[in-house]
Amino acid sequence: MWSNVLYIDLETGEHHTRDRHDLFDKYLGGTGVATQLLLEECPPGIDALSPGNPIIFSIGPLTTIFPCVSKVVSMFKSPMTGELGESHAGGRLAMAMRFAGYDSIVIKGRAAKPTYLSIHDDEVKLKDATSIWNLSSVEVTGKILREVEPGKGRRSIMRIGKAGVNQVRYANVNVDTYRHFGRLGLGAVFGSKNLKAIVISGTEEVELPDMSAYKKMYSKLYEEVVDTEVMDKYHDLGTAANINVLNQLKGLPTKNLKQSHFENAESISGEYFADNLLLRKIACSNCPIGCIHIAMLKTPFQKGHEFEVSHISYDYELIYSLGTNLGITMGEDVLRLIDRCEQYGLDIMSTGGVLAWATEMYERDLITPPDTLGISLRWGDTDNYLKIIDRIVDMPNKFYKALAKGTAVAAAEYGGKEFALNLGRLEIAGYHTGPASIVGQIVGVRHSHLDNGGYSIDQKASSQQLNEEQMVDKLIYEDYWRMINNSLVCCLFARGVYGEQNMIDALECVGIKKTRDDLEAIGKEIFLAKYAFKEREGFDMDNISVPARFFETVSQLGMLKEDTVKNMLKLYRKKTGI
Amino acid sequence: MKSISVPYAKLNVKGGGVMPAKIKVANPNRCIGCYSCMLACSRANADSVSLIDSAIDIRTSGGIESGIGIIVCRSCIDPPCARACPTGALAPRNGGGVVLNKNLCDSCGVCADACLPRAIHFDRADMPVICIHCGVCARFCSHDVLEIRKTEVL
Ligand code: SF4
Ligand code: SF4
Ligand code: SF4
Ligand code: SF4
């Protein structure tokens, strides 16, 4: 149980499964196993968009068995950063993998022709995707595949849009319409492999060693999820609640972090979205919370009350990157921008970062109309941002080609490095909370802002007067334990429920006996294995420059000093031994 | 959200006979598509973690963007599934719905066809999965979609 790996070679069309209990026994599943598979399968130094880059998906021993254990880890070499690419997605994928009987899937090679993968229980097929390859929209791709594929009602469909096909470096993979493998460019890797989509479903059933102990534990965890306050925030306004909170605290990156508060925050706040735009909430499989907030946007296109209607999911990070960071003043306009990115399958945090940098460049005349093909970039100008997004995907000239590679590459070519807000070539998360957030993103053990929750450590630092060393200790603790959360692949929103003891007890219910110390040791080992991959691919903490802008704009903890960040990094290295 | 402590235990009379309760889809539009009910049904009644062993069926029709359908036994008083069953494996249950006698079932599938809501499907052992109106699914629905209701006992 829990160790079945499906290997698929897109080049030969062959596939087979292997029992890799050697990996699962040691590293549990999820991130732990996927890291080892990546070390095995990814040849050192390869180009992330070459056929040699593998795509790995992994679930864990508790997937679908306990509430909120609902995510899948994907790993690959990232075309954005050139090193570890790790991204997590919810939706129905984790459940579909569990019931199809695959704990990990490894995809290798490049298909000769546009292809999609159809996986239903034991049946694994490569199918011709030529006729849908150039569909720009991820939504339409989903609609077409639904008509021709089995598993109706409970299958999961991953797919890329035009951004992935054109290999925009921060293209994402859309999962079940509203969820994504975002950030580090998995969509571009799909594109480089001629892989348009993956459909997966299954009918397996799982039996556990002691059903009555399991049922008890399930009820206990379920009760903690729904009956306590631990997850209230995600259920009510969702993460968008952060807009007003961070705005008040001066932690909300605005207009390319020229400001850390936004004068128009109210009309793009979580409260505004919930009161005016929220249509409904839905859930990932086996999560009774339902934190996926779906807004309805009605756009009139003709007289006589003719409306185009779209359903768009939103979250804090999206509203920050395509809202505050671009000076957009109305929630409806943020939705229009989100929708456009969604249709193409672009990572929204990176897209917002790229647009914000470009706007400041334009403001300073460092880029001019000949670069932008005549489109002006101004804070708050939604219509023009939509045009720019179209061109990022189509790449009609050198400038847009650069934008399609992300802020770091574009700034190396056009300048403005000091306000090109990326850390290790990845556009930053929406927190100007303090040094822990910056350090957390630099050490980048996982992918983005949820690496180690640096922002919440900053918040604790202000209330509990933490010094630099204490902040680093907290970061490291989070890093090690999140390796375990991510190996079970619990939703991180439920991390308040899946504390140390609950993880130990839940694992015991599926026959895995581990002590607290065992788990911490495994967490540390996984952490070091990830660093082994990162360093093998050229990651060097000393080479990561922190854009000066971070130290010019007041943060939630006041003005930040470069020395604080440097010192914390030094402590981090010393304490982790990397 | 709703508490787990719905007093269902009293209503859960195992082993057939008089079962004075039935499951009711009270607020279908509140469903978030979490499958907690399905997993609860198979956990409680089939001792498995599974979707296929669940008597309640949650499914999307045309993708997650198009809404969620909830299919479960509607507790017919004169059940067409039982009438259609050629072997007598399905018998009307007091209070509505049916009781299955596995020993008599031929796995012929006639019952599934007779049920318009499509509340009967077959598990991996090719046995029909039949709702026993125990209410466990309602207990694990955090959005008040499902309710367990007392029925007139015949
Ligand atoms: S299974 Fe269908 S036909 Fe039979 S009692 Fe239930 S709803 Fe009626
Ligand atoms: S499948 Fe079984 S219960 Fe259904 S009609 Fe046939 S014999 Fe009766
Ligand atoms: S009432 Fe009981 S048997 Fe019927 S669907 Fe719900 S949990 Fe399953
Ligand atoms: S538990 Fe409730 S909300 Fe969840 S899928 Fe079932 S009916 Fe819908």
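Just so we're on the same page: letters track the sequence lines, and every chain starts at 1.
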Per-residue contact mode, [X] against chain B (heavy atom under 4.5 angstrom):
{"X": "A:E147", "answer": "neither"}
{"X": "A:R92", "answer": "side chain"}
{"X": "A:R155", "answer": "neither"}

Taking every non-hydrogen pair under 4.5 Å, which of [options] racks up the most with chain B?
{"options": "A:S285, A:G290, A:C284, A:G202", "result": "A:S285"}
{"options": "A:T64, A:I157, A:I294, A:I282", "result": "A:I282"}
{"options": "A:G142, A:A283, A:S313, A:S212", "result": "A:A283"}
{"options": "A:T203, A:L279, A:D176", "result": "A:T203"}
{"options": "A:K152, A:M95, A:E139", "result": "A:M95"}

Point to revise | Between CD1 on residue B:I68 and CZ on residue A:R280, distance to nearest 0.5 Å | key: 5.5 Å
Practice item. Looking only at non-hydrogen atoms, find the nearest pair between B:S48 and A:M211 and report the distance. Key: N-CE, 3.7 Å
Review point. Taking non-hydrogen atoms and a cut-off under 4.5 angstrom, which of residues 26-43 of chain B neighbour chain A?
Key: B:I32, B:G33, B:C34, B:Y35, B:S36, B:M38, B:L39, B:R43
Exercise for review: Verify whether one side chain among A:R154 and B:T60 offers a donor that lies under 3.5 Å from an acceptor in the other.
Suggested key: no
**Study point:** B:I58 versus chain A, the contacting section by heavy-atom distance below 4.5 Å
**Key:** backbone
Exercise for review: Kindly indicate whether the side chain of B:I52, heavy atoms from C-beta on, has any atom under 4.5 Å from the side chain of A:F99.
Suggested key: no
Check your understanding: Taking the side chain as C-beta and beyond, is there a heavy-atom pair between B:F140 and A:P67 under 4.5 Å?
Key -> no
Check your understanding: Does the side chain to side chain contact (heavy atoms under 4.5 Å, CB included) test come out yes or no for A:K215 and B:D47, once each step is laid out?
Key -> CA-CA 9 Å; A:K215 288 176 192 176; B:D47 278 342; 2.7 Å; yes
